[in-house]
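To keep things clear, I will list the structure first and then write my remarks on it.
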Amino acid sequence: MADERKRILTGVRPTGSLHLGHYVGALENWIRLQQEYECYFLIADFQVSDHADEMDLVRSSVFEVALDWLAVGLDPDGSHFVIESLVPEHAELTTWLSWWIPLGRLQRNPTLKAEMADLESKSVPVAFFNYPVMQTANILMPKAHLVPVGDDQLPHIEMTREVARRFNRLFETEVFPIPEPLVGRVPRLVGVDGNAKMSKSMDNAIYLKDDAETVTRKVMGMYTDPTRLRATDPGHVEGNPVFMYHDAFNPDTAEVDDLKERYVAGKVGDVEVKQKLARVLNAFLDPIRERRAHFEAHPELVRTALAEGTARSRTVAQATMADVRAAMGVNYLE
Ligand code: TRP
C-alpha cells in the first residue's frame, strides 16, 4: 500500500559509533517522529572522503550505526535504513543539482569552512568540498518535508531550500517540496572535557554502546567547576558540564534542583553530583544496551534492515530521477 505520510530524510556519516550528543541533538526527534512521517535514515558513505585511508572503519561503521539506530528504537519495519552509495542515483542528482549551487555560496558555508579548516590532511578533496551539495541531493531525493538534525547542519539545509526553489522556478514545476529543518532539544551537547561539542575526534564522548563501568569512569573524570577546590566552596552551576548533563538526562528535576542549590551553597561535593549523574546515564542507557545486545546476536536482522531500506530508497530515487529528467527535458529517448 502506498505510504501517504510526509517524509523525513536525515542521516549520519559512517565514521564511528553514536554518542549522547547525537541522541539529544537529533536521534530523539527521529524516534519520536517515525510514526507520523515516512522516514529515510541515511548512512552517508559517499561523504567520508576525509576517512579514505580508513575504509575498514567506514565499512564497520555502516553496521555500527545501524546497530545504534536499532538499539535506540528506530524501527526498520516502518522506516528505511539506507546505504547511500548503494543508491547511485544520489551521485546522479548531485551532478544535476551542482548546476545551481554557486561556488561562492559553498565557500561561505560556515560549517563546511570550519570542517575544512580542521581537516588533518592539508589538501581538501573535491568530494569533501562537494559534500553539502550531495547532502542537498540526499534530502531532495525522497522529496523530504522535514530534516531533523543537529544545529551544525542548518547551513546545508538552507542551501537545500535554495536549490529546490531554483530548480522548481526554472523548470516551472513542483518537483521538490521545500524542506524544513528541525533541531533537537539540546542542539550542542558539551563534551566530558568541557569542550563545546561532544565529538569522536575530540575524544570527549560517551557512546551509546559504552558499558556501565566506562560511563561511570568517564563521568567521574568529567570537567566541572574549575574554581572550586573543595566541597565547601560555593560552586558554579551555569556552564558546568556535569549539571548540563543532569539537565539533559535526569528525569528527576527535584533532585537536580536540590543538587544545584546545595552546590551553589557549598553543601555537596562534585563526587556525589557525578555519582548521581552516572546512575542517571546508566539507567538511560540500560534499555539501549539490551536492545543492542539482541541485535548484535542477530546480525542478519541488521543486514535485512539495511537491505530492505536501501531497496525501498532506490525505488523512490528512480521515481524522483524520472521526474527530474522530465522537468529538465533530458529524457531524450523517451
Ligand atoms: N552531514 C551530516 C553529518 O555530518 C550527515 C548527512 C549526510 C545528512 N546527508 C544528510 C544529514 C542529509 C541530514 C540530511 O551529520
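Counting starts at 1 for both ligands and their atoms, following the listed order.
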If you measure from each non-hydrogen atom of Q47 to ligand 1, which part falls under 4.0 Å: side chain, backbone, both or neither?
side chain
Between R289 and N282, do the side chains contain a donor N or O and an acceptor N or O under 3.5 Å apart?
yes
Pair T320, D323: side-chain N/O donor-acceptor within cut-off below 3.5 Å
no
K200 side-chain N/O to T15 backbone N/O, donor-acceptor pair under 3.5 Å:
yes
For the 3.5 Å polar cut-off, considering only N or O atoms, please tell me whether N138 and ligand 1 meet it.
yes
T10: numbered ligand 1 atoms lying under 4.0 Å from its heavy atoms
13 (C), 14 (C)
E272/K267 salt bridge by N-O under 4.0 Å criterion:
no
Name the closest protein heavy atom to atom 5 (C) of ligand 1, giving the residue it belongs to and the distance to 0.1 Å.
G11 O, 3.5 Å
Structural part of I139 in contact with ligand 1, heavy atom criterion under 4.0 angstrom
side chain
Looking only at protein heavy atoms, which one is nearest to atom 15 (O) of ligand 1, and what is the separation?
Q153 NE2, 3.7 Å
Electrostatic pair R161-E180, nearest N-O below 4.0 angstrom
yes
In terms of side-chain heavy atoms, does N168 have a donor or acceptor partner in R165 at a distance below 3.5 Å?
no
If we number the atoms of ligand 1 from 1 as shown, the ones under 4.0 Å from a heavy atom of A44 are 7 (C)
Looking only at protein heavy atoms, identify the closest one to atom 1 (N) of ligand 1 and say how far it is in Å.
Q135 OE1, 2.8 Å
Run the numbers for me: atoms of ligand 1, each under 4.0 Å from some heavy atom of L9, listed by number.
12 (C), 14 (C)
Y40 side chain to E38 side chain, donor-acceptor N/O pair below 3.5 angstrom:
yes
